[in-house]
*Asks:* 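Take a look at this one; I'll ask things after.
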Amino acid sequence: MNPKRRKLLITTIFIVLGAGAAAAFALMAFQENLLYFYSPLQVAKGEAPVSRPFRLGGLVVHGSVKRDPHSLAVAFELTDTVEKIGVRYDGILPDLFREGQGIVANGSLTDGVFVASEVLAKHDENYMPPEVADAIKAAGGAVPTTHLRERQN
Amino acid sequence: MIPELGHFCLILALCLALIQSIYPLLGAARDNPAWIALARPAARGQLGFLALAFVALTYSFIVNDFTVAYVAENSNSQLPAIYRISAVWGAHEGSLLLWVLILGIWTFAVTIFSRNLAEVFTARVIGVMGLVSTGFLLFLLFTSNPFRRYFPAPPDGADLNPLLQDPGLVVHPPMLYTGYVGFAVVFGFAIAALLGGRLDAAWARWSRPWTTVAWLFLTLGIALGSWWAYYELGWGGWWFWDPVENASFMPWLAGTALIHTLAATEKRGVFKHWTVLLAICAFSLSLLGTFLVRSGVLTSVHAFAADPTRGLFILILLGIVIGGSLLLYALRAPGIAGGGAFEFISRETLLLGSSVLLTVAMASVLLGTVYPLIVEAFGFSKLSVGAPYFNSVFVPLMIPVAILLGLGVLTAWRADDWGRLWPRIWPIALGSGVLGVALIVMLAEAVKLQTILALILALWIAGAALSSLWQRLRRDGWETPAGYLGMTLAHLGFAISIVGICITSHYSRELHERMGAGDVVELAGYQYRLDAIDEIEGPNYHGYRATAGVTRGGRSVADLHSEKRVYTVRNMPMTEAGIDAGLFRDLYISLGEPLDEGTGAGDWSIRLYYRPLVRWIWLGAIFMAAGGLLAACDRRYRVQVKHAATEASRAAAPGRA
């Protein structure tokens, strides 16, 4: 092999190995960090994973929000109009968190209660997270129309 | 009447865009000088009509013409005047109009600054940009007409999203779009060069200043967006790996790689294939970014109503741009001559390595951003990719980039040898190692391996950049090109951002507390005392305002004011954070929610932050942008084309030998 070929070969091997290692590494991290979305109905049926974090979405049940008087701990229920799942959270709820609002929470199941690490409500008072709207439809419920932004067309 | 005129102007702009694309491209193919000559006037005329359309829409906003549906959906008679103007680009239709307008301005700039270029080449560039403009105008007119009337007109508008009622939003989208659209020029140059079959050093030289200017606007736009999120979203983060942020970050990564390979292509005639692919890639990602953000595909702050026809149109447009340009590349690739030879130890190798790494980083971000959309589109499960993925993939990739960056500026073009390099490398490596460890051990409250590593890398980059600048200054004195100074400045900016990102991520302190008036909380040596929570009344909102005094060691440091506003029209709450900004630390407080039922006078949940060096993140971006500006102003881009041509043939010569 002449030196030029050899150099090219070394460079190519170097690049392929580097890119391959990076890709393998990326895909591993990717697999570990996929968060799947489940609806309260799916959780009630036992389809949601137990040891792994996932996203839970639904409407905040009216009258279900209970705050601890001395800390930031809060408990509430999420529903897809069919099933209800209790959620516990210790932290500051987003501006748009309110009863009847569609929200999404990240966290995992512990003894039948969803312990949330993060609660997300999108920044629009009429906005329904599409996952939540679909979950309600899939559960056979009616999406509360006041929550859908009606465009004037 | 005015909206109809605006609509009519858009249609005329479309007609001119068609003329601007068809005649110059055909003229260049058939060697018809009269057709080629149409390029400039058509482009300028198109800009004129686009500007008129934009003015018409702005006028409708200023006079509160709620018969225009877009105005009714995004403005309100109570909205302050400045936000009525920025509301023009506050949602999908208007921001697309802004996009096309900026494309028109860039094309206009090409018609002005192309006197040194061959007429045929310029005609092709303008023609390709005309095609892009045609696609966007069709999209605007058929799916997203901003001038659509709505009768009967609502008595008042639905108001601009309160999140967007902020000075940051007035400038963030135009900056970002100027960056995105700037890559259309680079794309135009690449396609024109492919069409003409001449992918040479002259092409790279012409592309460079345009790429750099587009990149610097994109840099500023991303930094502004990050800064805006930091103070406006009220939860103190500066980057969330949100799909919308990723959408602007991907073209930036591709553009950064492109800037560097363009340098190699211009100086040494190498990596032509790679450079042209990166140019196509950067523009395609800009298109993807524009559409991801505004089309409603993504569920986020930036997304608006989802409309399936829009999605389809977007996919077709993306398919044409990416597919068409790659097809053209495939047809022309065999004819592209190889560049000059280079040794393994050379700046070329290092530039290639870092551009590949940047592209891999871009691909990893693309995977995390687009994969959930694709899975969902095919009806499988709904999922999202968490921020830890991006951090665990992206951050390690930046380590070799930083190492290569330092080596790259120290290494000579074509061939260098280890014996010459080593004496230049080791003092910088040793110095940054010792200084990095010392700084963390002396100044930081906790010694962490990651922060030491990041600081060493930042010092390594800065040291290498300054050392190579010093060498250059000693050799060339006042003759040192502005481009070299710009490069050094940008690399210093990168180092500054690394320090800011790393220190903020590892040494920030935050507390979520339940507090009432008079309560004191200690955080990172500062005492935050909540003095009062008062009711306030604004022009289009009402709410509460917290006043907090911060003291340290008994001395008053800052008074912070955070507000919780409820914008009346949309009944939407918003948080205004109270920040005491400093070069070395930010003190940050933001109101969460009232915890006592029915009253805002009792306890509130409150976020408190201490963020060291957070300003460095954006300071670094300003350095990068300033470096880009300096590099783009280099006088050698203004010298005559003949000079460039001779140098090109010289650069290409060793490859054939």
Side-chain angles (χ1 to χ4, degrees), chain A residues 4 6-8 10-11 14-15 18-19 22-23 25-39 42 53-55 57 67-74 90-98 104 106 118 120 122-131 134-135 149-153, chain B residues 69 72-73 148 150 154 158 161-163 233-235 299-301 304-306 341 343-344 349 352-353 356-357 360-361 363-364 367-368 371-372 381-393 396-397 400 512-514 564 570-575 590 592-593 595 597 603 605-607:
Chain A
K4 207 172 169 182
R6 194 163 144 261
K7 193 184 69 194
L8 192 71
I10 292 172
T11 316
F14 174 72
I15 290 175
F25 184 68
L27 289 174
M28 255 164 58
F30 186 66
Q31 273 297 323
E32 282 167 19
N33 285 292
L34 283 182
L35 280 176
Y36 288 86
F37 178 91
Y38 291 91
S39 68
Q42 286 171 306
F54 63 95
R55 286 154 77 88
R67 288 181 193 281
D68 181 281
H70 304 294
S71 73
L72 294 176
V74 59
D90 191 7
I92 297 177
L93 293 165
D95 282 348
L96 282 164
F97 179 92
R98 53 179 93 146
V104 173
N106 294 345
E118 196 178 11
L120 310 159
K122 289 298 180 181
H123 253 283
D124 187 329
E125 81 289 8
N126 295 319
Y127 180 82
M128 169 76 74
E131 298 100 322
D134 289 347
R149 174 93 181 269
E150 283 175 282
R151 287 179 66 90
Q152 296 151 329
N153 47 12
Chain B
E73 284 164 19
R148 194 169 44 80
Y150 180 73
N161 187 332
L163 261 185
L233 292 183
W235 31 301
T299 56
S300 95
V301 169
F304 301 92
E343 299 294 318
F344 182 69
T349 312
L352 182 63
V356 169
L357 284 166
V360 172
S364 68
L367 176 72
Y371 182 76
S381 49
K382 289 177 198 303
L383 50 85
S384 61
V385 180
Y389 158 73
F390 294 102
N391 288 329
S392 62
V393 172
L397 276 171
H512 294 183
E513 278 294 315
R514 182 185 181 107
K564 178 68 70 180
R570 292 194 178 196
N571 191 26
M572 176 167 156
M574 269 291 310
T575 311
S590 85
E593 25 165 11
L595 297 173
E597 280 306 316
D603 284 1
S605 59
I606 290 183
R607 287 187 172 81

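Lettering follows sequence order; numbering is per chain, from 1. What's counted below: heavy atoms across the whole structure, side chains too, no hydrogens, waters or symmetry copies.
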*Asks:* Identify the two heavy atoms, one from A/G91 and one from B/H512, that lie closest to each other, and give their separation to 0.1 Å.
*Replies:* CA-ND1, 4.4 Å
*Asks:* Return the CE to OG distance between A/M28 and B/S392, rounded to the nearest 0.5 Å.
*Replies:* 9.0 Å
*Asks:* Apply ring pair (Phe, Tyr, Trp, His ring centres under 6.0 Å) to A/F97 and list each qualifying residue two or more places apart in sequence or on a separate chain.
*Replies:* A/F76
*Asks:* Using only atom types and a distance under 3.5 Å, with no angle test, would you say the side chain of B/R514 pairs donor to acceptor with the backbone of A/P69?
*Replies:* yes
*Asks:* Can you tell which of B/P396, B/S364, B/P388 has the highest number of heavy-atom pairs within less than 4.5 Å of chain A?
*Replies:* B/P388
*Asks:* Mind ranking B/V356, B/L367, B/T349, B/V360 by heavy-atom pairs under 4.5 Å with chain A and telling me who comes out on top?
*Replies:* B/L367
*Asks:* Who are the ring pair (Phe, Tyr, Trp, His ring centres under 6.0 Å) partners of A/F30, not counting sequence neighbours?
*Replies:* B/Y371, B/Y389
*Asks:* If you count heavy-atom pairs within less than 4.5 Å of chain B, which of A/L34, A/L72, A/N106, A/D90 leads?
*Replies:* A/L72
*Asks:* For the interface with chain A, which of B/G386, B/S384, B/G592 has the highest count of heavy-atom pairs at distances below 4.5 Å?
*Replies:* B/S384
*Asks:* Counting only non-hydrogen atoms closer than 4.5 Å, does B/P400 touch chain A with its backbone (N, CA, C, O), its side chain (CB onward), both, or neither?
*Replies:* neither
*Asks:* Looking at A/R67 and B/E593, is any side-chain nitrogen of the basic one under 4.0 Å from a carboxylate oxygen of the acidic one?
*Replies:* yes
*Asks:* To the nearest 0.5 Å, tell me how far A/S71 OG sits from B/E513 CD.
*Replies:* 10.0 Å
*Asks:* May I ask you to test the B/I606-A/I92 pair for a side-chain heavy-atom distance under 4.5 Å?
*Replies:* no
*Asks:* Do the non-hydrogen side-chain atoms of A/D95 and B/T575 ever get within less than 4.5 Å of each other?
*Replies:* yes
